[in-house]
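Take a look at the structure below.
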Amino acid sequence: MRTKFKAWTEPYINEHPEVCLTKEQFVSLECPINLEIGSGKGNFLMNMAKMFPDQLFVGIERNVTCAGITCKKLVDNEMTNAKLMWVDAGLLLPEVKDDVIDRVFLNFSDPWPKKRHAKRRLTAIQFLNSYYRVLKKGGRIIIKTDQKDLYDFTLENLPETKFNIIYQSENYQELDPFDTMTEYEESFRKEGLPIYRLILEK
Ligand code: SAH
């Protein structure tokens with residue numbers, strides 16, 4: 001599902017600093033943080049923020065069009081507890097302090113099926129170790145994917161990390177109360193495809 005480039009998005013992001021955070025603003029946040037990496041067009045981010053108004057949700061999205069579409073959704077819905085950053089997670093994570101994030105959500109991350117691209121997968125060991133560092137003790141990564149290969153790859157990497165698996169399903173059906181559907185998930189569920197889900201704890 002390619003998103004067609006939309007030229008209005010970059011100026012829109014720049015005009016809405018109250019929703020689209022800079023790295024400096026992000027690293028100085030002082031409240032509990034739910035971080036969604038690869039937030040796409042932002043449905044999960046916005047709906048979780050609506051369902052849990054006393055928690056902060058921050059989306060990280062590197063695609064400018066997706067980031068701009070999300071930003072507009074958050075502005076139009078006057079969301080105060082959902083923010084967005086237009087940035088590549090690989091550039092942001094090294095700047096985040098240790099033990100500050102409550103949850104990391106990875107929803108339908110790009111599978112990067114070629115072996116030579118394995119390091120780009122958001123559950124490659126380097127990424128998992130960065131999440132481990134930035135998560136608080138007891139903090140969690142919550143992963144959903146339709147890609148069995150990415151799910152297996154993630155499980156294979158876990159022994160090289162300090163995460164504990166606290167939930168694992170190869171056919172995640174009824175939504176957990178602390179969850180909502182993403183754009184990709186809606187279409188995969190309509191097609192009847194299985195959804196893989198993992199929860200890892202620090
Ligand atoms: N979570 C959404 C979108 C899934 S597609 C959904 O479930 O519908 C994966 C998204 O992750 C894309 O929008 C892509 O631009 C973004 N992405 C991939 N790698 C990223 C990275 N390193 N940093 C930030 N965003 C990334």
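As the structure lists them, so they are numbered: ligands from 1, and atoms in each ligand from 1.
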Close N or O approach (A89, ligand 1; < 3.5 Å): yes
Ligand 1 contact on L122 by region, counting heavy-atom pairs under 4.0 Å: side chain
Would you mind listing every side-chain hydrogen bond (donor to acceptor under 3.5 Å, both in side chains) that reaches into residues 109-124, with sequence neighbours excluded? T123-T154
If I apply the N/O under 3.5 Å rule, does C66 come out as touching ligand 1? no
Please work out, at 4.0 Å between heavy atoms, whether the side chain, the backbone, both, or neither of R120 comes within that distance of ligand 1. neither
Is there a heavy atom of T3 sitting under 4.0 angstrom from any atom of ligand 1? no
Cationic tip of R140 within the cone over Y167's six-membered ring, i.e. under 6.0 Å and within 45° of the normal? no
Return the residue, atom name and 0.1 Å-rounded distance of the protein heavy atom closest to atom 9 (C) of ligand 1. D110 OD1, 3.4 Å
With heavy atoms of N63 as the reference, note each atom of ligand 1 found under 4.0 Å away. 15 (O)
The protein heavy atom nearest to atom 4 (C) of ligand 1 is F108 O, 3.3 Å
Atoms of ligand 1 less than 4.0 Å from D88 heavy atoms? 21 (C), 22 (N), 23 (N)
Contact check: T182 vs ligand 1, nitrogen or oxygen atoms, below 3.5 angstrom: yes
Please tell me whether E36 and N107 have a donor and an acceptor in their side chains that are separated by less than 3.5 angstrom. yes
I'd like to check W86 versus E10 (side-chain heavy atoms, cut-off strictly below 4.5 Å). Are they in contact? yes
For E36, the atoms of ligand 1 under 4.0 Å from one of its heavy atoms are 1 (N)
Aromatic ring proximity, centroids under 6.0 angstrom, Y131 and F163: no
What protein heavy atom sits nearest atom 11 (O) of ligand 1, and how far away is it? G38 CA, 3.1 Å
Write down the atom of A82, the atom of L56, and the distance for their closest heavy-atom approach. N-CD1, 4.3 Å
Could you check which of F105, Y184, F188, F44 puts a non-hydrogen atom nearest to atom 8 (O) of ligand 1? Y184
Does T182 use its side chain to pair, donor to acceptor, with the backbone of F44 at less than 3.5 Å? no
One finds that the ligand 1 atoms under 4.0 Å from a non-hydrogen atom of E183 are 8 (O)
Are any of the N/O atoms on E61, whether in the backbone or the side chain, positioned under 3.5 angstrom from an N/O atom of ligand 1? yes
Residues that Y12 engages under ring pair (Phe, Tyr, Trp, His ring centres under 6.0 Å), provided they are two or more places apart: W8, H16
Check this for me - ligand 1, R62, N or O atoms closer than 3.5 angstrom, yes or no? yes
Kindly confirm or rule out a cation-pi arrangement of R103 over F57, judged by NZ or CZ under 6.0 Å from the six-membered ring centre and within 45° of its axis? no
Evaluate E95 against K23 for salt bridge (Lys or Arg N to Asp or Glu O under 4.0 Å), listing each step before the verdict. CA-CA 8 Å; E95 301 197 29; K23 270 196 242 171; 3.1 Å; yes
